[in-house]
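Both backbone and side-chain heavy atoms feed into the values below; hydrogens, waters and symmetry mates do not. The sequence lines fix the lettering, A, B, ..., with proteins before strands; numbering per chain opens at 1. Bear in mind that the values here come from a model prediction, so they are computed numbers and not experimental data.
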Amino acid sequence: MKKYNHQKIEKKWQKAWDKFGIYNADDTSKKPKWYSLVEFPYPSGSGLHVGHIRSNTAMDIVSRKRRMQGHNVLYPMGWDAFGLPTENYAIKTGISPQAATKKNTDTFRKQLRAMGFSFDWSREIDTTDPKYYKWTQWMFLQFYKHGLAYKAKAEINWCPKDKIGLANEEVENGKCERCGGAVEKRLKEQWMLKMTAYAEKLLGGLKDLDFIPEVRTQQENWIGKSEGAEIEFPVVGSKGKIKVFTTRIDTIFSGTFLVIAPEHPRLAKALEDQDSFLKNKNEVKAYIESVRNKSELERSAEGKEKTGVELKGLRVINPATQEEMPVWTSEFVIAHYGTGIVFADAHDSRDFAFAKKYNIPLKVSIQPTEGLDFEKIKNLEECYEGEGILCNSEQFNGMTSAKARPKIIAWLAEKGLATPKTSYKLRDWVFSRQRYWGEPIPLIHCDNCAKKPKILLIHGLSGSNQENWFPWFKRTLEARGYDVITPNLPNAQHFILNDWLTVLEHSGIEAGDRLSVVGHSLGGPTACQFIRTYKLKVENLVLVAPTGKSQGPEQWKNLSAKGVSQEHLLVIQEFNDQNKDLAKVAKLTKKTTIYLSDNDPYIPVEVQGDYKTLKPTVKLLSNKGHFNATAGITEFPEILAEFPVVADAGWIPVPEKNLPVKLPKVEKYQPTDTGESPLSKVEKWVNVKCPNCKGPAKRETDTMPNWAGSSWYYLAYLMSKKAFNGPVSTENWKLEIENLRNWLPVDWYNGGMEHATRHLLYARFWNQFFHDIGEVPMSEPFKKRTAHGIILGNDGTKMSKSVGNVVNPDELIKEFGADALRLYEMFIGPFDQTVTWDPRGILGTSRFLEKVWRFAQRRFYENPDQDIPGAWDNMSRIVHKAIKKVSSDIERMSFNTAVSSLMTAVNEMTLTGGSTIKYEDWKSFLKILAPFAPFIAEELWEEMGNKESIHVTPWPEFDPKLLVEETFKLVIQVNGRVRATAEASQGISEADAQALALAHTDIKKWITSEVKKVIFVPNRLINLIF
RNA sequence: GCCGAGGUGGCGGAAUGGCAGACGCACAGCACUCAAAAUGCUGCGAUCUCACGGUCAUGAGGGUUCGACUCCCUCCCUCGGCACCA
C-alpha cells in the first residue's frame, strides 16, 4: 500500500499537464466555447497570498467542470503590473520597475502553477510589456480621435509637504499615506475620458447582465441617475438668467434663495470683471479663498456648520412666485453636479440650517401627509424634507408632490423657464497620472500646430466674397475652429493679376501660419500663383472648378465675351498652365485636391482629363455646374471633408507606425516637485519632431492610470501572437476581431467587490466605446459577474505585511499539498462572504484527502479485480447523491457545501461498505473530486489504469433512479411540534401515514381528542392537530 | 445620513416554510500501542430528569402560519460601499 506523497504527485502532474497542454484553449474548436475570467493580479513583491487563491480556485473548479462537460474552455492569466508599489519600491531602492516586475511575475507564475490552476499559459499577458501597452496606447488614440479624450483642469490630490501629487489610493481620510499631512486639492491640466457620454448606456446595459445584485446596485449608484428639471431664474435688472437643476421642482414655491458653488467658473469670472454687478467683491474673494484652504475633510465633516456669503448686488426672480431672491455662495454646493447652482428652500435640511444661520427668509410649500406635526413645520421650527401635499403653491395646491412635479415643469416650460433634465453623478475619467510607472500617453504637443489654422478663400472672375457658397463656407468653418480669410479682390470684372496678388499679400497671412487655401474658378490659378510667388507652405490646397490654359479656344471666347480684355486673357494664359504650375505648387503643399463637375460650362468634360493626370486628388461631383450660385450652389457640404473640426489644438497623436511610445530609462523615479512626472526630466525623450509639421515639439509626460491596462485585458487574452509581435495599426486590430467574436462575452467573471464600481465600469465603458466604433463585436464584455469575500487574517483584521498576518501559501503547499489548500480555500466558508483564516482548518481537508487515498488503496490493492461481485447498491447511491449535489453546488457557487458533500460521501462509503465499491462508481467519484483536487484525482485515476487525463473525461451524470430510497423517515408532528419519527415506505398515502402516526408509542400520550386536522407533506412529514 | 450584505454551539459554518446545528476545527472518552504520533470508534447548544423524555434556544420584540433560521413589521449590532449629488 502506497503512501500519499503530495509533493511527488503534484510535481509529476504539473509537468505532464504542461507537456500535453491539456488546458490550452483552441481558437478553432467546434465545441461550445466557455470563457472563465478572474481578475489578473498585481504582482506585488510579497507574492501570492491566500486571497488570490480563493477566487482562482473557484473559477478553476468551474472551468474544469465545463471542460469535462465538453466545452472549449479558456481560463487565462496575466499581470496587471503597472502601479504604485513597484514605483515606490523603485524610488526607495533604485531598482527599476521593469526588473522588479520581472522578478515578481516570475514568483507569481511559479506559485500559481504550483496550485494546479488550469490556466492557458500560452496566452499570458503583462500590461507593462511594450507589446501589450502599444495596444493600450492605440486604444487611447481611438478615444482621442473620436473626441472622447480631452485635456481639462481637474483636481489632483496634492501633498504640500512631500510636494507630490497623490493617487486616490494614497489618500487616507484626507491625509497623505506617506507623511500623514493634510492633502490639498490642486487644479492641474489632465487628460480626461468622456465617460459621462456613456452614462446612460452603462446604466441601460446592466439590465440584461447576470451580475450579482450588490454589484449591479453599486454600479447604478455610482452612475447616479436622477431625473428632474432645469429651471431658469431671471436676473433682476439684466437680460441674464441663472440655470439651476432640481429633482424637487414641487418645492419651487418655497424657493427663497439661490446658492452657487464657490468654485463655480461664473463666480470667478464675475470677480475678475471690472464692471461686474458684485458689490462685495472682496468679501466674496476672501470667502472663496478660505474655502479653498480648507481640506476636503473639514469641508464635508458631518454636522459641520455651513458657511457662506451673500453675493450683494445680484438678485434673481423665482419664476413661480415672481418674488425677488438673494443669491449666496456656500461650500455645501458642489460645482460639478447639475449646474453648480441650487435653489434653496425650507424643505431641505441643509438649506434650512443655512437660512436659519444667516437669517434668510423661508417659506413652507409642502405639507406632510401623515404623522408629523405640521404646526412646527409651518412655524419653521422643523424642516420637513419628505414629499407631501403642496400648499402656498397657487394652482398646484392640494396636489401630491409626485403629481405636481410634471405639471409644474410643463407650466414653467410654457414660459420658456424650465426643461426636463437628467443628471448623473458619474464624472469623466481623469486619465492622467504624473508618475513614471504607467503607459506613456501617445500624444505630442506642437506649439506651431496649436495655432489656429487659417483658410484663405479666393473667389473668381466677376465674383465676390458675398456670393455662392462663400458666406456659408466662412460661417461653417469658423464654427469648426478655423480663421477664414475672404478678401474681396479689386476689379473683379477686369482681372489684373498683380493687383490681386497685392491684395492677397496684405490679407493677413503671415509666415509660419498654418495655412490652407481654397480657390474657386479663376481663384484657383490665382491661388497657385500666389503660393508660388511667395513660397507659402500650405497644408491643404483646394481648387474648386479651377480654370486653366488647358481649356479650349471656345472657353476663352466666352471669357472674352464677358469683358475680359485680350491683354488680360494673355496674362491668365501665361501663368495659368495648371500642368506646369501645379507640379511646382504641389512641392509647397502637403495636399492638393481639385473639385470638378461633369456639367461645368467653363471646364467641359473633354478638358478635365488633363487635370486627372496631375498629382492632386480629383473629386468629380455630378451636376454642380461651375460650383457657383448660377448653378444653385449656395452650400457645398462635400468640401467639409477637407477641413475637420479643430480639436485640442496642438496635440498631435503619435502616428500608429511609431507605437509603442516606450517608457524611457530615468535616473530618478521620484515625482517632481512641480507635480510633473519624472519623465519630464528626460529631455531626449520629451523633445521630438512634430509628426504634423516636423517642427520642434514635446511629448506628453503624463502616464495612464492603473485602470487603463486592465480595461481591456480580457480582450488581450483573445488576441493572436501576431497582434503582439507585429506592428500596431487599425488594420491589424481588425484582423483580431474574429477571435473576439469567437470568444466574447466572458461567460463568468469573478473578482473582488472592491472592483465592482471602478474597474468594472471602466472596462464596460471601454468595451462599449470600441463596440460603437466597430472594433469590438459585443457591447457588453461580461455576461456574468460574481464576487468573492475577502479572507481576513487569523486575528480578524485585513491581511497586511505590516500587521504580519499574511498567510504564505508556499509553506502550506509544501506541508499539506496544493490539493488540500484548494479544498480548504473552498471549505473555509461561503464563497461570497468575508471569512477568517484558521490555520488549523486545513487539517480537515488534508485528513480528508488522506482518507480518500487510503480508501483507494484498500479498494485497488486489496481487491485489484475490476469489479466486485455483489458490490453494494448503497455505494452507488452515495456516489450519485454526491454527483447531484456537487454538480449543482458548483453552479450556485456553494463550494463549501460541495466539499462537505464530498466528505460526507467518503465517510458514508467507508462506514457502509468498506471498500466494496463498483469500479464505475469510484471513477465517478474521482471525477467529481477532480475539479477540487486535480492532482490526487489524476494520480488515483492513473493508478486505475486509465491512460487519458481525468480532466478531459466527461463529467458524470447522476441517475435519479438510484437516488430513490425505498423507505424514509416520516416526521410525525403533533400540533406543529415534532414528537416522533417512523420508518415509512416511499409514496405512503396520507391515510396510511396517519394510521402509522396514531399507532406510534411516543404519539399516544399526545392524543387528547379526535384529530381535528391533518397536514401531510408526502414523503416527508405528517402533522396532527388536536 | 443613504445603499447593500450579514447576525445560528467553544470556533468556521449547514438547512426549496417541514427533525436547527450537515461537514469541519477544537475538546473529551475508548480502541490500537511498551509509549507517543497517526488512525479508527463514541460523545459534544443550554437546562430539568436516575431514566423514558420534557422545556428553552438561530441578535431583540411583535406578526403571518398547522409549522418560521427562512416570510412581514419595528428596533439593535457588525461588515462593505457611497457620502453635502439639490
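Taking side-chain N and O atoms only, A:Tyr824 has no distance below 4.0 Å to OP1 or OP2 of B:G24. Between B:G18 and A:Arg979, no contact under 4.0 Å exists linking OP1 or OP2 to a side-chain N or O. Here A:Arg854 reaches the OP1 or OP2 of B:G40: one of its side-chain N or O atoms lies under 4.0 Å away. At the phosphate of B:C25, OP1 or OP2 sits under 4.0 Å from a side-chain N or O atom of A:Arg847. The side chain of A:Asn907 places an N or O atom within less than 4.0 Å of a non-bridging phosphate oxygen (OP1 or OP2) of B:G24. For the pair A:Arg858 and B:U39, the criterion of a side-chain N or O lying under 4.0 Å from OP1 or OP2 is not met. Here A:Asn975 does not reach the OP1 or OP2 of B:G67: none of its side-chain N or O atoms lies under 4.0 Å away. Proximity of A:Thr897 to the phosphate of B:C23: no side-chain N or O atom is located under 4.0 Å from OP1 or OP2.
Side-chain proximity of A:Lys425 to the nucleotides B:C85, B:C3, B:G13 is greatest for B:C85.
Side chains of A:His788 and A:Asn750: a donor-acceptor N/O pair is present below 3.5 angstrom, by distance only.
Nucleotide B:C82 forms a Watson-Crick or G-U wobble pair with B:G1, both donor-acceptor distances falling under 3.5 Å. Of the nucleotides present, B:C66 is the one that pairs with B:G18 by Watson-Crick or G-U wobble criteria, both distances under 3.5 Å. In a base pair of the Watson-Crick type (N1 to N3 plus N6-O4 or O6-N4) or a G-U wobble (N1-O2 and O6-N3), with each distance short of 3.5 Å, B:A28 is matched with B:U42. Across all strands shown, B:A51 has no partner, as no Watson-Crick or G-U wobble contact with both distances under 3.5 Å is found.
Rounded to an integer number of Å, the gap from A:Gln857 CD to B:U39 C1' is 16 Å. Look at CG on A:Leu1021: it is 11 Å from C1' on B:G17, rounded to the nearest Å.
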Inset, instruction - Determine, stepwise, if the pair A:His347 / A:Arg248 fulfils side-chain hydrogen bond (donor to acceptor under 3.5 Å, both in side chains). - result: CA-CA 9 Å; A:His347 295 292; A:Arg248 287 296 302 275; over 6 Å; no
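Proximity of a side-chain donor or acceptor of A:Tyr824 to a complementary backbone N or O of A:Pro839 within less than 3.5 Å is not detected.
Contact of the A:Glu310 side chain with the A:Tyr358 side chain is not registered, since no non-hydrogen atoms from C-beta on lie closer than 4.5 Å.
Salt bridge present: A:Arg785 and A:Glu39 bring a charged side-chain N and a carboxylate O closer than 4.0 Å.
You'll find a donor-acceptor pair under 3.5 Å spanning the side chain of A:Gln973 and the base of B:G18, going by distance alone.
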